[in-house]
Number of protein chains: 2
Amino acid sequence: MKLSTKGRYGLMAMFQLALEFGDEPISLKYIAEKQGLSENYLEQLFSNLKRDGLIQSVRGAQGGYLLTREPKDITVGQVLRSLEGHLAPAECVQHDIDCSKEDNCATKLVLMKIKDSIDNVIDSITLEDMVVETLKNNSN
Amino acid sequence: MKLSTKGRYGLMAMFQLALEFGDEPISLKYIAEKQGLSENYLEQLFSNLKRDGLIQSVRGAQGGYLLTREPKDITVGQVLRSLEGHLAPAECVQHDIDCSKEDNCATKLVLMKIKDSIDNVIDSITLEDMVVETLKNNSN
DNA sequence: TTATACCCCACTAATATTGTCAACATTCAA
DNA sequence: TTGAATGTTGACAATATTAGTGGGGTATAA
């Protein structure tokens, strides 16, 4: 029941983009160094994020990545789903595939409740929330 | 972010034990057939559940497994944790290990909220709840 | 023109998952 | 007493996933 590093690293990187949100594109190299992650690995993650319209890229020297909208308009859920796919605890919950038990499967009901609960949390937190929280902690 | 089959199969098996809760031990073979699972694999899971005091075994002919207490006193959380370990979405949340960022890690705060939310759900559902829900659905 | 950066795809080592299998111990019932 | 039913334990293996690495491109600013 772990989040893979895709989700975790990707979220850390997106947080960094939110922290330095502005007009200047930010390079992968910078993010990788700042967060202590592999640049090559981040590339793959950013490819997903771009495909899903959460970031845009600027090629060439002085290029990099930018959020496509303000941090307050990007949720943690959007980021994690882009990187991990749906955060369902099992296939049958994700695609509504029948586990040959259909509605009678008591376990499925439990798993759906878990999924709903996770969705609820990640869809209610934005990148801006993360930034605000961090700034608040640092000022202590 | 998937639950492994350990958690899923184990919960299905525990549900079966709850459904037929009584004085008679229930054999693995029966449970495996009833739920369509591998008997040998279930053995490993039951070893965990027994270690954590959720079930007891009766050896020999006519033997099998029994819940150690009533279904209403066993939560889904107890079952899943016995099989999967803590359901934290990342190591740093689970053991409070520092990710070298300590308190400043905005991502960790998010992950902790996810964990709390999951814990909240699974600790609030008992095996009895699962049974009741199932009987209700079947009577429709 | 050159350095910087994104882009894309192939590949791999390590790890976790999902079991299988075999030998053994205990108990019940005939 | 014996055999069948059942739990116990530990080793093993196939497969999938994770977590990267590496290299050869292309675009662009300076």
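On a predicted model such as this, the values are computed, not experimentally measured, just so you know. A note on names: the letters A, B, ... follow the listed sequences, proteins ahead of strands, and every chain is numbered from 1.
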Close approaches to DNA chain C from residues 47-58 of chain A, in residue order (heavy atom, under 4.0 Å): A:K50, A:S57, A:V58
Please answer whether the main-chain N or O of [Y] pairs with a side-chain N or O of [X] as donor and acceptor at a distance below 3.5 Å.
X: A:E33; Y: A:Y30; answer: no
X: B:S117; Y: A:S117; answer: yes
X: A:R69; Y: A:D73; answer: yes
X: A:Q16; Y: A:I31; answer: no
X: A:E84; Y: A:S4; answer: yes
X: A:T126; Y: A:D129; answer: yes
X: B:T134; Y: B:M130; answer: yes
X: A:E128; Y: A:P71; answer: no

What's the [atom1]-[atom2] distance between [X] and [N], to the nearest Å?
X: A:Q62; N: C:dT2; atom1: CD; atom2: P; result: 18 Å
X: B:E91; N: C:dT15; atom1: CD; atom2: C1'; result: 13 Å
X: B:L66; N: D:dG7; atom1: CG; atom2: P; result: 10 Å
X: B:L45; N: C:dG19; atom1: CG; atom2: P; result: 10 Å
X: B:F46; N: D:dT9; atom1: CZ; atom2: C1'; result: 17 Å

Phosphate contact (D:dT8 OP1 or OP2) by B:Y65 side-chain N/O below 4.0 Å: yes
Just call it for B:G63: base, sugar-phosphate, or nothing, with non-hydrogen atoms closer than 4.0 Å on any strand. sugar-phosphate
Across nucleotides 10-24 of chain D, 5' to 3', mark each nucleotide with B, S or - according to how protein heavy atoms within less than 4.0 Å reach it. ---------BBBB--
So do the side chains of B:K113 and A:I125 get within less than 4.5 Å of each other, counting heavy atoms only? yes
Base D:dT28 to side chain A:R59, donor-acceptor N/O within 3.5 Å cut-off: no
